*Asks:* 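Sharing a structure, written as C-alpha cells. Questions coming.
Residue numbers start at 1 and run along the sequence shown. Just so it is clear, the model here is predicted, and its values are computed rather than measured.
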Amino acid sequence: MSELTEEIAAMAARLVVEEGLEYGPAKRRAARDLGRGASRSVNMPDNDLVEDAVREYLSVFCADTQPLELVALRGVAALWMERLAEFRPHLTGAVWRGTATRLSAVHLQLYCDDCKSAELALINQGVDYDVGSVNGPRHQPVDVLSLSQRCDALGGPVTVFLTILDHDDLRGALKPDTRGRTPRGNLAGLHRLILTNEENTP
C-alpha cells in the first residue's frame, strides 16, 4: 500500500466524521485536495481501509461524544424500524457499523412485496418525505424515500433514508462481507447492539 493511499484514507476519514460525507465522495475529495484527483495512477483506498481510518479518528478525537451520538441515532433507527415493521426493515450504514456521529444519516432497507406499499404507509401516517433513487442490488434504479426525524438527544433533526427493495432481495442480504461482518441487521439485531453499546458507555 502506498503512502499516498494511506493519506487519502486518513483525509477521507476526517471528512466522513467532520462533514458527514459518504465514503465515495470523501475519497474523491481527499484525492483532489491532495492534488491527485485527476491522476489515474493513484491507488484509491478501499472502503475497509477508510473505515479503519474512521474508527481511529473517532477513538482519538471523538471518544467523549461519539458513543452517545451513536446511541441516539440507533434509537431513531429503532423507532422507524418499529413503525415500518411490516416491510422487514434492516439497518445498514454507519449507524449499524457503529461509526456514526451526529452528522450521519440513518439508512434503512425495506423489503417489500409491493414497491409502493411503503410510500402508502408513510402517507397514511402523515409523514412528509422526498423520493430519490439509487442503483439497487440488481443494478437497476430503486426508490429511496428520505424523511426528517427530530432527535431531542442530538438537539436537531436526523435524516432517515428508506431504500425500497423487493422481498426477494432479502435472500443473501445477511451474507457476511470480506471481514466476516454482517452488513445489515433487523430490529432484533439492532436491539442487541443498543444493549451492548449501553453496557459499554459510561
*Asks:* Would you find more than 12 non-hydrogen atoms of other residues, nucleotides or ligands less than 6.0 Å from Glu18 atom CD?
*Replies:*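 Yes - once you tally the heavy atoms of other residues, nucleotides and ligands closer than 6.0 Å, there are more than 12.
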
*Asks:* Would you say that Leu110 contacts Trp80 through its side chain, given a criterion of any heavy-atom pair below 4.5 Å between the two side chains?
*Replies:* no

*Asks:* Is it true that a side-chain atom of Arg184 and a backbone atom of Leu91 form a donor plus acceptor pair closer than 3.5 Å?
*Replies:*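 Answer holds: no.
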
*Asks:* With side chains defined as the heavy atoms from C-beta onward, is the minimum distance between Cys62 and Val17 less than 4.5 Å?
*Replies:*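 A side-chain contact under 4.5 Å exists here.
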
*Asks:* Would Asp169 and Arg171 pass as an ion pair if we require N to O under 4.0 Å?
*Replies:* no

*Asks:* Using a 4.5 Å cut-off on heavy atoms from C-beta on, say whether the side chain of Glu119 contacts that of Asp143.
*Replies:*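 Of all side-chain heavy-atom pairs linking Glu119 with Asp143, at least one is under 4.5 Å.
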
*Asks:* Regarding Arg29 and Glu19, does a basic nitrogen lie under 4.0 Å from an acidic carboxylate oxygen?
*Replies:*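 Judged by the 4.0 Å cut-off on N to carboxylate O distance, Arg29 and Glu19 do form a salt bridge.
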
*Asks:* Going hydrophobic residue to hydrophobic residue with side-chain gaps under 4.5 angstrom, can you get from Val131 over to Val142?
*Replies:* no

*Asks:* Heavy atoms, side chains only, cut-off 4.5 Å: are Asn47 and Lys27 in contact?
*Replies:* yes

*Asks:* What are the two closest non-hydrogen atoms of Val158 and Ser104, and how far apart are they?
*Replies:* CG1-O, 4.3 Å

*Asks:* Do other residues, nucleotides or ligands put more than 12 heavy atoms under 6.0 Å from Asp128 CG?
*Replies:* no

*Asks:* In the single-linkage hydrophobic clustering (I, L, V, M, F, W, Y; side-chain heavy atoms under 4.5 Å), do Val60 and Leu49 co-cluster?
*Replies:* no

*Asks:* One pair to check against side-chain contact (heavy atoms from CB on, under 4.5 Å): Asn135 and Gln140. What are the steps and the verdict?
*Replies:* CA-CA 5 Å; Asn135 281 331; Gln140 295 180 338; over 6 Å; no

*Asks:* Just how far is it from atom SG of Cys112 to atom CD1 of Ile164, taken to the nearest 0.5 Å?
*Replies:*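 Cys112 atom SG to Ile164 atom CD1 measures 5.0 Å (nearest 0.5 Å).
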
*Asks:* In Å, rounded to the nearest 0.5 Å, how long is the span from CG of Leu21 to CZ of Arg14?
*Replies:*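 The CG atom of Leu21 sits 10.0 Å away from the CZ atom of Arg14.
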
*Asks:* To the nearest 0.5 angstrom, please state how far the CZ atom of Arg102 sits from the SG atom of Cys151.
*Replies:* 8.5 Å

*Asks:* For residues Leu193 and Met81: do they belong to one hydrophobic cluster (side chain heavy atoms under 4.5 Å, members Ile, Leu, Val, Met, Phe, Trp, Tyr)?
*Replies:* yes

*Asks:* Heavy atoms only: give me the nearest Ala63-Pro67 pair and the separation to one decimal.
*Replies:* O-CD, 3.4 Å

*Asks:* For the side chain of Thr5 and the backbone of Asn43, is there at least one donor-acceptor N/O pair under 3.5 Å apart?
*Replies:*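 At least one qualifying donor-acceptor pair exists.
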
*Asks:* Taking the side chain as everything from C-beta on, heavy atoms only, tell me whether Leu108 gets closer than 4.5 Å to Thr163.
*Replies:* no

*Asks:* In the structure I gave you, are the side-chain heavy atoms of Glu69 and Leu154 within less than 4.5 Å of one another anywhere?
*Replies:*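 Glu69 vs Leu154: side chains touch.
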
*Asks:* Does Ala100 offer a backbone N or O that forms a donor-acceptor pair with the side chain of Gln66 under 3.5 Å?
*Replies:* yes

*Asks:* Between atom CG of Asp114 and atom CZ of Phe87, what is the distance when rounded to the nearest 0.5 Å?
*Replies:*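 Here the rounded value is 8.5 Å.
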
*Asks:* Are there over 12 heavy-atom neighbours, none belonging to Asp64, within less than 6.0 Å of that residue's CG?
*Replies:*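 Count not over threshold, so no.
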
*Asks:* Looking at Arg97 and Pro183, would you say the former's side chain and the latter's main chain have a donor-acceptor pair under 3.5 Å?
*Replies:*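 No; zero donor-acceptor contacts below 3.5 Å.
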
*Asks:* Under a 4.5 Å cut-off applied to non-hydrogen side-chain atoms, are Arg138 and Asp166 in contact?
*Replies:*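 Yes; the side chains approach each other to less than 4.5 Å.
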
*Asks:* If Ile, Leu, Val, Met, Phe, Trp and Tyr residues are connected whenever their side-chain heavy atoms lie under 4.5 Å apart, and connections chain through other members, are Val50 and Met11 in the same group?
*Replies:* no

*Asks:* To the nearest 0.5 angstrom, please state how far the OH atom of Tyr57 sits from the OG1 atom of Thr101.
*Replies:* 10.5 Å

*Asks:* State the CD1-CG distance between Ile194 and Leu70, to the nearest 0.5 angstrom.
*Replies:*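 Nearest 0.5 Å value for the CD1-CG distance: 9.0 Å.
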
*Asks:* Applying side-chain contact (heavy atoms from CB on, under 4.5 Å) to Leu122 and Leu84, what does each step give before you reach the verdict?
*Replies:* CA-CA 9 Å; Leu122 293 181; Leu84 299 171; 4.2 Å; yes

*Asks:* Considering all heavy atoms of both residues, which atom of Ala153 and which atom of Ala72 are nearest to each other, and what is their separation?
*Replies:* CB-CB, 3.8 Å

*Asks:* Looking at Arg181 and Asp48, does any basic side-chain N land under 4.0 Å from a carboxylate oxygen?
*Replies:* yes

*Asks:* So, does Trp96 use its side chain to make a donor-acceptor pair with the main chain of Thr182 at under 3.5 Å?
*Replies:*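 Judged by distance alone, yes, a pair lies under 3.5 Å.
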
*Asks:* After noting the C-alpha distance and the side-chain angles of Asp152 and Arg150, does the key distance pass the side-chain contact (heavy atoms from CB on, under 4.5 Å) rule?
*Replies:* CA-CA 6 Å; Asp152 291 337; Arg150 170 76 185 180; 3.2 Å; yes

*Asks:* Please report the shortest heavy-atom distance between Leu15 and Ala26, naming the atom on each side.
*Replies:*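 Leu15 and Ala26 have their closest heavy atoms at CD1-O, 3.7 Å.
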
*Asks:* Parallel, tilted or perpendicular: which describes the rings of His107 and Phe161, with under 30° parallel and over 60° perpendicular?
*Replies:* parallel

*Asks:* Between Asp130 and Leu145, is there a side-chain heavy-atom distance shorter than 4.5 Å?
*Replies:* no

*Asks:* For the residue pair His167 / Asp113, report whether a side-chain donor-acceptor contact shorter than 3.5 Å exists.
*Replies:* yes

*Asks:* Identify whether Leu165 and Leu147 are in the same connected component of the hydrophobic contact network (ILVMFWY, side-chain heavy atoms under 4.5 Å).
*Replies:* no

